[in-house]
> 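Below is a structure I'd like to ask you about.
Bear in mind the structure is a predicted one, so any value in this text is a computation, not a measurement. Lettering of chains follows the sequences in order, A, B, ..., and the numbering in each one begins at 1.
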Number of protein chains: 2
Amino acid sequence: MDLDEVLKVLKARGLNLTPQRQEILRALLEGPPHQTAAEILQRVRRRFPSVSFDTVYRNLHLLQSLNLVSRTHFADGDTRYELCAGPEHHHHALCLGCGKAVDAAFCPMPYFRGLPDEEFTVTGHSFKLFGYCGNCRRGRGE
Amino acid sequence: MDLDEVLKVLKARGLNLTPQRQEILRALLEGPPHQTAAEILQRVRRRFPSVSFDTVYRNLHLLQSLNLVSRTHFADGDTRYELCAGPEHHHHALCLGCGKAVDAAFCPMPYFRGLPDEEFTVTGHSFKLFGYCGNCRRGRGE
DNA sequence: CTCCTGAATCGGAATGGTTCCAGTTTAGTA
DNA sequence: TACTAAACTGGAACCATTCCGATTCAGGAG
Ligand SMILES: [Mn+2]
Ligand SMILES: [Mn+2]
Ligand SMILES: [Zn+2]
Ligand SMILES: [Zn+2]
């Protein structure tokens, strides 16, 4: 997943390549994974000090609608964003001690066989694991 | 799951059985499943018009900590609560059209075999399905 | 029954992440 | 270079939830 690749998608949709928009993408590419909107804003403001929250959110929403960014609600309540390549997806294991997230390879959907007696068309799903990472487990009993 | 049963648990913990607390439980028992905090408050105020949001939230938190109430973040963003009997749990299919939730029997955890290469102790999980119920599917294409 | 005390409640203010908005700037095009 | 739709800005608005100081009350001791 590289910057030019993303820009190509945006251009294909006739979207303007503003400097702010590109800087938000750079923040997602070069910063740590799973950043909050505020963290992304802070990073973007290094180069463009006047960027507003509205701009960050507007672009994150846009990128989500293009399946270029995914949003996850973490354990501590805050919402974090990360780049994702197209329709692919992954899930997370969230540490209740330090709040960090680990990407998890497991996806439950292959095991799902449809709702037994309800008429319902499934278009998406969400799966999360909660627990304690090695560090935090040692910091507590056991 | 009946009122006296819950009250027994509370008493066992030395918690006061205030009228407001009992009325919140009645709202959960007698009202529709998956109510928001505001809906619960509205129902409780029929009998106790001066109950505050603080009281509703405080009690919902308390009941969660006792595994008597579970909280779910629904598709439209609002948070809904329901009674649950002890450590048992279930998951939900959420309609993106009307916002309604259907309880789902499927739980993915029996199929989960641990994180491949990460040291992580799993203590909980979350699973949700998104899609369209029969009604809303008809109201759209297909 | 009355008294006492920690638990619980109340009303209203504060919080914080997100969204809205009116006015201004700008990317892309001809 | 001029035009226009798209995008940006700054700050206000929103709204579910939390916080807080003052007040009331449930349950137990005497
Ligand atoms: Mn991830
Ligand atoms: Mn349910
Ligand atoms: Zn999946
Ligand atoms: Zn489960």
> Considering only NZ, NE, NH1 and NH2 on the basic side and carboxylate oxygens on the acidic side, decide whether B/Lys8 and B/Glu5 come within less than 4.0 Å.
no
> Calculate the interatomic distance between A/Phe53 atom CZ and D/dA12 atom P; express it in whole Å.
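Roughly 15 Å, once rounded to whole Å.
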> Rounded to the nearest Å, what distance is computed from the CD atom of residue B/Glu39 to the P atom of nucleotide D/dA16?
11 Å
> Touch check for A/Asp78, heavy atoms < 4.0 angstrom, all strands: base, sugar-phosphate only, or nothing?
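Contact class for A/Asp78: none.
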> Rounded to whole Å, how long is the line connecting atom CG of B/Leu10 with atom C1' of C/dA8?
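After rounding, the gap between these two atoms is 13 Å.
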> So which protein N/O to nucleotides 25-30 of chain C N/O distances come out below 3.5 Å?
unit_1	atom_1	unit_2	atom_2	d
C/dG28	OP1	A/Leu17	N	3.1

> Report yes if the side chains of B/Glu82 and B/His92 come closer than 4.5 Å at any heavy-atom pair, otherwise no.
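Yes - at least one pair of side-chain heavy atoms lies under 4.5 Å apart.
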> Within this structure, what is the CD-to-P distance between B/Glu23 and C/dA8, rounded to whole angstrom?
18 Å
> Crowded around A/Gln42 CD? As in, over 12 foreign heavy atoms under 6.0 Å?
no
> For A/Arg47, does the CZ atom have more than 12 heavy-atom neighbours from other residues, nucleotides or ligands under 6.0 Å away?
no
> Look at the side chain of B/Ser50 and decide which nucleotide, out of D/dT18, C/dG11, C/dC21, has an atom nearest to it.
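The listed nucleotide nearest to B/Ser50's side chain is C/dG11.
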> Need one value for B/His73: base, sugar-phosphate or nothing, where a base atom within 4.0 Å counts as base even if backbone is also close, heavy atoms only.
nothing
> Please pick, from D/dG10, D/dA7, C/dA8, the nucleotide with the shortest atom-to-atom distance to any side-chain atom of A/Arg58.
D/dA7
> Within the structure provided, determine whether B/Leu66 and B/Val6 are in side-chain contact (heavy-atom separation under 4.5 Å).
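No, side chains not in contact.
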> Mind checking if A/Thr79 touches a base, just sugar-phosphate, or nothing, with heavy atoms under 4.0 Å?
sugar-phosphate
> What is the distance from CG of A/Leu62 to C1' of C/dT19, rounded to the nearest Å?
16 Å
> Salt bridge between A/Glu39 and A/Arg80, side-chain N to carboxylate O under 4.0 Å?
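Answer for the salt bridge query: yes.
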> Taking OP1 and OP2 of D/dG10, is either one under 4.0 Å from a side-chain nitrogen or oxygen of A/Ser52?
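Checking A/Ser52 against D/dG10: no side-chain N or O falls below 4.0 Å of OP1 or OP2.
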> Would you say the side-chain atoms of A/His125 and B/His91 include a donor-acceptor pair closer than 3.5 Å?
no
> What is the separation between atom CZ on B/Arg71 and atom P on D/dA16, rounded to the nearest whole Å?
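Spelled out: CZ on B/Arg71 to P on D/dA16 is 15 Å.
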> In whole Å, what is the span from the CG atom of B/Asn59 to the P atom of D/dA26?
13 Å
> Rounded to whole Å, how long is the line connecting atom OH of B/Tyr81 with atom P of D/dA16?
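Between P of D/dA16 and OH of B/Tyr81: 12 Å.
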> Starting at the 5' end of DNA chain D and moving along, which residue's nearest nucleotide shows up first, A/Asp54 or B/Asp54?
A/Asp54
